[in-house]
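Model, not experiment: these values are computed from the prediction. Hydrogens, waters and symmetry mates are skipped; everything else that's a heavy atom, side chains included, is used.
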Amino acid sequence: MRLNQNTMLLGKKVVLVPYTSEHVPRYHEWMKSEELQRLTASEPLTLEQEYAMQHSWREDADKCTFIVLDAEKWQAQPGATEESCMVGDVNLFLTDLEDTTLGEIEVMIAGVGVGASLLAPFSSLRGVTTLGLTKFEAKIGQGNEPSIRMFQKLHFEQVAASSVFQEVTLRLTVSESEHQWLLEQTSHVEEKPYRDGSAEPC
């Protein structure tokens, strides 16, 4: 999404940066994993297809993607590339043309040492403040108990289950109290301008 192509979000344990061509090789290696393909309901792509996908996501008006960096590793190694510090990604999809206040959230952690629970508040608050979203859904495979428990801890409640797709749908409605909770969870986050491939550790 062009809306976030110049935005970087810095937290204590994670840094979120836009998904650029610099990140594609590492992302492509991750998605060769059959386990990640199963958990994300993804099909394997060639490297060329992955580059094309990255470009389309960057231009797409209904998909907001951030690559997740390990903040400690990124800040501890002067000159470290973003690719070497990548641990996952987080996405917001605007999937309902009739309800522009609803976004689907997706978190994927491929690295170690960073809790996925840190990421949903980041992206949810971003969706509220930037995109005007008030409802978030997460669609998770029925066998992915860790992700289901994580979203439930973040106040998401199960609203549907599909035996056909073998997934459950969890939803968070952002009331005033939930909005305040999101602000508290992300009070340490700093927003900075991002220049493609040239972010500097702080």
Side-chain angles (χ1 to χ4, degrees), residues 1-9 11 14-24 26-31 33 35-45 49-70 82-83 85-97 99-111 114-141 144 146-148 150-151 154 156 165 167-172 174 182 185-186 189 191 194 196:
M1 182 181 281
R2 286 185 173 276
L3 195 62
N4 75 309
Q5 68 177 344
N6 297 313
T7 300
M8 174 172 57
L9 302 175
V14 292
V15 178
L16 273 60
V17 297
Y19 183 29
T20 73
S21 58
E22 175 189 347
H23 307 123
V24 171
R26 181 77 178 275
Y27 192 89
H28 179 63
E29 287 300 313
W30 284 344
M31 297 314 295
S33 163
E35 178 68 5
L36 281 179
Q37 290 173 23
R38 182 183 67 80
L39 291 174
T40 59
S42 302
E43 296 292 330
L45 300 177
Q49 289 172 324
E50 205 75 73
Y51 274 110
M53 184 72 74
Q54 178 272 326
H55 180 74
S56 70
W57 286 359
R58 190 177 182 88
E59 302 298 318
D60 201 331
D62 59 10
K63 183 179 178 70
C64 184
T65 300
F66 282 101
I67 290 293
V68 183
L69 310 180
D70 182 327
E82 292 177 15
E83 185 183 358
C85 300
M86 288 169 58
V87 292
D89 72 340
V90 58
N91 303 294
L92 275 177
F93 305 92
L94 308 182
T95 56
D96 192 334
L97 296 178
D99 187 354
T100 58
T101 66
L102 173 64
E104 182 178 337
I105 188 170
E106 183 181 88
V107 174
M108 189 271 286
I109 292 295
V114 175
S117 60
L118 295 168
L119 303 177
F122 267 68
S123 50
S124 296
L125 185 61
R126 184 73 182 167
V128 172
T129 57
T130 305
L131 303 176
L133 304 180
T134 58
K135 298 184 292 290
F136 297 89
E137 286 186 349
K139 296 181 179 179
I140 305 169
N144 193 348
S147 288
I148 293 173
M150 179 200 78
F151 276 99
L154 297 170
F156 281 69
F165 296 105
E167 68 181 17
V168 296
T169 300
L170 294 92
R171 175 177 284 204
L172 170 68
V174 183
L182 287 172
Q185 297 300 305
T186 57
V189 177
E191 182 174 325
Y194 176 83
D196 192 347

- Task: Go through the side-chain N and O atoms of Y27 and D89 and say whether any donor and acceptor fall under 3.5 Å apart.
- Result: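 Their side chains do contain a donor-acceptor pair, which is all the 3.5 Å distance test asks for.
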- Can a donor-acceptor pair be found between the side chains of H23 and E82 at a distance below 3.5 Å?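 Checked: H23/E82 side chains pair up, N/O donor to acceptor below 3.5 Å.
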Taking the side chain as every heavy atom from C-beta outward, state whether [X] and [Y] have any atom pair closer than 4.5 Å.
X    : Y    : answer
F136 : L92  : yes
E29  : E83  : no
M86  : L69  : yes
T20  : R58  : yes
L45  : M53  : yes
Y19  : N91  : no
K135 : D99  : yes
L154 : Q185 : no

Heavy-atom pair of closest approach, residues [X] and [Y]:
X    : Y    : answer
N6   : P18  : N-CG, 4.4 Å
W30  : L36  : O-CD1, 3.4 Å
C85  : R26  : N-NH1, 4.3 Å
G103 : L133 : CA-CD1, 3.9 Å

Which value, rounded to the nearest 0.5 Å, describes the distance between [X] atom [atom1] and [Y] atom [atom2]?
X    : Y    : atom1 : atom2 : result
E167 : I148 : CD    : CD1   : 10.5 Å
F66  : L9   : CZ    : CG    : 4.5 Å
E104 : R171 : CD    : CZ    : 11.0 Å
E106 : T65  : CD    : OG1   : 8.5 Å
T95  : K139 : OG1   : NZ    : 6.0 Å
M150 : I109 : CE    : CD1   : 8.5 Å

- Query: In this structure, are over 12 heavy atoms from other groups packed under 6.0 Å from E43 atom CD?
  - Reply: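 Atom CD in E43 is not crowded, with 12 or fewer foreign heavy atoms closer than 6.0 Å.
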- Run the side chain to side chain contact (heavy atoms under 4.5 Å, CB included) check on R126 and E191 step by step: do they pass? CA-CA 10 Å; R126 184 73 182 167; E191 182 174 325; 3.0 Å; yes
